[in-house]
Q: 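Just passing along the structure, written as structure tokens.
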There are 2 protein chains.
Amino acid sequence: MSKYRNSCLIRGDGGRAIRGILDRIGDKWTLLVVATLDGERMRFTELQQRIPGISQRMLTRTVRHLERDGLVSRTAYAEVPPRVEYELTAMGRTLIGPAVKLAEWAVDKNPDIEQSQAAYDSEHRG
Amino acid sequence: MSKYRNSCLIRGDGGRAIRGILDRIGDKWTLLVVATLDGERMRFTELQQRIPGISQRMLTRTVRHLERDGLVSRTAYAEVPPRVEYELTAMGRTLIGPAVKLAEWAVDKNPDIEQSQAAYDSEHRG
DNA sequence: CGGGATCCCCAACGATACTG
DNA sequence: CAGTATCGTTGGGGATCCCG
């Protein structure tokens, strides 16, 4: 079970795959929106309330992108006042796993990283 | 082994963990540099040659950030001409696993995503 | 309620030139 | 060889106002 050099999957086609996914989820809000929709169908306003700090504009843009990528489905009801609900598609749900792996890494290593940063900073400008 | 709602790890502290890691690896080159250094100690120029398209400036910045985070170690030899070698630290190596998971997802889903994008585009401006 | 349109800022990025 | 310095472009993101 050699774990070495499976990073070829990352470098793969010159990094196009990784570049693609990071362009997709590497921004400020996308993964938060996906995680917030995990297991729950939700309206625009509720989504916004559950993601502190996100503006209407950025939430709109983010769910549009996700809808275009087929990761989120949007359902508009012909009512007054209007009602729109969002939920993860089957494909969108498959993103949760890998994303959680990354989040686990982040939570686990964050203390070490911050310590390394502090050491680097104090050393590189005494 | 319920897999539902483990996305709480992503939303966690209002998304600070995910935000942190995406600020770290979400840029254009970081993951490519890490993947290229996987299992191999390497000089600056060799690193640059193996990453098509990266400029000196961006490679320098990227390895500096990685060094500051403790994910890459930098060794300069007091020679003429100068020689500097980079390699992943133990902590840097632990990033490969989660990153590969994401790359696998990207490679696997990319066709579906591109198809969804095409359908969306043709539908939203006939 | 769920957006769209507009304006503005700034950090990421690329290209080029220079240096110990 | 392995950088640093400088310039210009680009697009992510925030704020605000308007609309069906």
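Proteins come first, then strands; the chains are lettered A, B, ... in the order of their sequence lines, and each starts at number 1.
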Q: Tell me which nucleotide among dA2(D), dG3(C), dC1(C) gets nearest to the side chain of T60(A).
A: dG3(C)
Q: So which nucleotide from dG2(C), dC1(C), dG4(C) ends up closest to the side chain of R64(A)?
A: dG4(C)
Q: Is any side-chain N or O of R61(A) closer than 4.0 Å to OP1 or OP2 of dG12(D)?
A: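 Looking at the OP1 and OP2 atoms of dG12(D), one of them is under 4.0 Å from a side-chain N or O of R61(A).
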Q: Would you classify R57(A) as touching base, sugar-phosphate or nothing, given that sugar-phosphate means primed atoms plus P, OP1 and OP2, and contacts are heavy atoms under 4.0 Å?
A: base
Q: Measure from CZ on R83(B) to P on dC1(D) and round the result to the nearest Å.
A: 13 Å
Q: Choose from dG14(D), dT4(D), dA2(D) the nucleotide whose nearest atom is closest to any side-chain atom of K28(A).
A: dG14(D)
Q: Is a side-chain donor-acceptor pair under 3.5 Å present for S116(B) with R68(A)?
A: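 Short answer, no.
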Q: What pair of heavy atoms forms the shortest contact from L22(B) to I25(A), and how long is it?
A: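 Looks like CD1-O, 3.6 Å.
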Q: State which of dG14(D), dA2(D), dC13(C) makes the closest approach to the side chain of D27(B).
A: dC13(C)
Q: When you compare the side chain of K109(A) with that of L95(B), does any pair of heavy atoms fall below 4.5 Å?
A: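 Heavy-atom side-chain distance check fails, nothing below 4.5 Å.
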Q: Can you find a pair of side-chain heavy atoms, one from W105(A) and one from I21(B), that are under 4.5 Å apart?
A: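 Yes - at least one pair of side-chain heavy atoms lies under 4.5 Å apart.
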Q: Would one find a side-chain N or O of R43(B) under 4.0 angstrom from OP1 or OP2 of dA2(D)?
A: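 The answer is yes; a side-chain N or O of R43(B) sits under 4.0 Å from OP1 or OP2.
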Q: Does Y86(A) reach a base, just sugar-phosphate, or nothing at all? Heavy atoms under 4.0 Å.
A: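 Sugar-phosphate contact only - Y86(A) comes under 4.0 Å of backbone atoms but never of a base.
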Q: Please determine if a side-chain N or O atom of T45(A) lies less than 4.0 Å away from the OP1 or OP2 oxygen of dC1(C).
A: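 No, outside the criterion.
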Q: Counting just side-chain N and O atoms, does R19(A) come under 4.0 Å of either OP1 or OP2 of dC13(C)?
A: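 Indeed not, no polar side-chain atom of R19(A) lies that close.
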Q: Choosing from dG4(C), dG20(D), dG13(D), which nucleotide comes nearest the side chain of P82(A)?
A: dG20(D)
Q: Counting side-chain heavy atoms from CB outward, which of dC1(C), dG14(C), dG3(C) is closest to M58(B)?
A: dG14(C)
